[in-house]
Amino acid sequence: MNSGVIKHLLGIKGLQTHQIESIFETADNFSELLKAPVKKTPALRDITIANLFFENSTRTRVSFELAEKRLGADVVNFSSSSSSVKKGETLIDTVNNILSMKVDMIVMRHPAPGACQFLSKHVDSQIINAGDGTHEHPTQALLDAFSIRNHFNGSIAGKKVLIVGDIKHSRVALSNIYCLQLLGAEVMVCGPATLIPKHIEKLGVKVSHNLDEALKWADVANMLRIQLERQDARFFPSLKEYSNLYGLNMERLNRLDKELLIMHPGPINRGVEISSEVADSANSIILQQVENGVAIRMAVLFLLAQRNL
Amino acid sequence: MNNNATQKVLLNSQKTALIVKRFALELIENHGDLSKSAIIGLQPRGIELAEAIRNEVVNIMGSNVKFGTLDHTFYRDDISRGGIHIPKPSKIDFSTENLRIILIDDVLYTGRSIRAAIDAIMRFGRPSDIELMVMVDRIHQREVPIKPDYKGVSIDSRNTEQFVKVEWKSQSEVAVWLLDKKS
């Protein structure tokens with residue numbers, strides 16, 4: 001918990017509802033700005049931001065970089081594949097070297113859960129978590145909640161949000177659960193038992209292993225990517241079986257006699273967790289999520305830069 | 001209003017109404033039928049004055065005039081230098097390309113907000129010219145070379161701890177106060 005202004009955005013856990021609301025209010029203004037012919041503002045012209053990506057990312061990195069550039073900040077990018085990390089340098093040394101070049105903010109993605117928290121205690125800079133291992137991905141949760149809020153004309157309270165798939169390895173799921181609950185939504189997770197963490201009910205979420213039943217309950221379905229790179233341990237027998245049991249397709253949707261809002265944090269494995277037809281359907285807001293991502297990240301950077309979050 | 005504070009009424013409702021009427025007539029005198037002009041109120045405290053002037057212009061002319069609200073927060077020069085700035089919506093649903101823009105605010109002080117507002121308006125197109133209209137001009141306090149084209153009253157509050165507050169209770173009931181900073 002925090003009582004007032006925060007210096008870093010390390011996770012959704014620890015944020016308060018009013019802080020999320022002020023991010024959304026600011027993001028509304030940036031959404032408007034992004035629709036105008038001139039999309040750039042000089043708000044952060046005296047700020048330098050380093051994007052440190054120790055793990056692969058396309059969408060999040062591009063989204064952060066666009067947000068930073070549209071705010072007028074100076075931006076440097078760094079990815080671990082081409083860095084001195086490969087030569088044995090520690091995280092603190094790497095970051096302190098970058099900071100000594102007068103960088104004000106760090107946006108970091110790292111494979112180790114808690115890496116951003118750790119860094120925030122050892123370096124003198126503002127840190128924004130762009131995904132740390134299986135822990136949190138706060139800006140993704142904010143943009144997901146912002147997209148739901150905008151779809152339902154400003155309110156999330158009381159909405160039933162279903163998160164389907166690999167909950168166990170998903171930082172998106174954990175951040176989404178915290179964020180949606182703070183805003184008053186009900187959350188259910190659904191997937192094979194091997195991909196649902198034990199005791200997750202203690203977070204106050206419902207658990208289902210039957211997608212059709214869960215869909216009947218939900219107003220929103222957020223379909224997580226099956227992380228093929230983490231499936232060495234064989235959490236389910238085959239992709240085909242996973243897709244049959246937990247993939248969202250038109251046949252399943254047609255069986256519901258209601259409108260269901262469909263989301264996906266990307267990148268999509270078409271035909272695995274979601275069929276192409278559903279991903280491209282009118283109820284899908286997958287591309288709006290990406291669009292909102294820039295406005296949300298602009299809002300987070302803008303508010304943190306003036307120590308106003 | 002806190003009556004314990006040192007305070008002085010600069011303008012009462014009657015006087016403000018006269019100024020609004022004068023502003024409207026001056027605009028019509030300088031801009032003709034205002035078909036190539038737009039009235040833009042600055043967030044947050046210029047909006048009510050801008051609306052009052054727009055209504056007065058419409059009353060006199062009998063035809064509508066382009067109207068918008070503008071927030072300059074993202075264009076300020078002091079973001080990340082302390083202070084809290086929450087953005088408000090800008091609503092300009094027309095292109096400002098080649099329009100004559102009348103920016104309206106309640107008080108002109110250092111001029112920095114207006115400098116930011118001029119940057120902010122450019123994102124909606126390139127106006128043919130921009131004018132500035134303010135209710136109160138705090139003279140001798142400018143930090144950038146900006147001056148109003150239309151002003152209600154001028155005050156000189158140099159070397160004092162006083163500030164100006166414009167309080168709108170309704171469109172016809174408004175008071176402009178000179179207050180002691182400690183209030």
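Basis for what follows: all heavy atoms, side chains included, without hydrogens, waters or symmetry-related copies. We name chains A, B, ... by the order of the sequence lines, and we start the count at 1 in each one.
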* Structure fact -> Of the listed A/Asp104, A/Asp46, A/Asp28, the one with the largest count of heavy-atom pairs under 4.5 Å with chain B is A/Asp46

* Asked: Take atom CZ in B/Arg45; do more than 12 heavy atoms of anything else shown fall under 6.0 Å from it?
  -> no

* Measure across B/Ser90 and A/Asn29 and return the closest heavy-atom pair with its distance rounded to 0.1 Å. => N-OD1, 4.4 Å

* Interchain contact, B/Lys88 with chain A, by part (heavy-atom threshold 4.5 Å) -> backbone

* Asked: Would you say B/Arg126 has more than 12 foreign heavy atoms packed within less than 6.0 Å of its CZ?
  -> no

* To do: Give, as side chain, backbone, both or neither, the part of A/Lys39 having an atom under 4.5 angstrom from any heavy atom of chain B.
  => neither

* Asked: Within a radius of less than 6.0 Å around NZ of A/Lys7, do more than 12 heavy atoms belonging to other residues, nucleotides or ligands occur?
  -> yes

* Please walk me through it: do B/Arg123 and A/Thr41 pass side chain to side chain contact (heavy atoms under 4.5 Å, CB included)? -> CA-CA 9 Å; B/Arg123 128 175 119 73; A/Thr41 82; 5.6 Å; no

* Grab the two heavy atoms, one from A/Thr26 and one from B/Pro87, that are nearest each other, plus how far apart they are. => CG2-CG, 3.7 Å

* Structural part of A/Leu44 lying under 4.5 Å from a heavy atom of chain B -> side chain

* How many angstroms lie between CD in A/Gln306 and CD1 in B/Ile86, if you round to the nearest 0.5 Å? -> 7.0 Å

* Structure fact -> Those residues of residues 52-78 of chain B that come under 4.5 Å of chain A on a heavy-atom basis, listed by number, are B/Thr73, B/Phe74, B/Tyr75, B/Arg76, B/Asp77

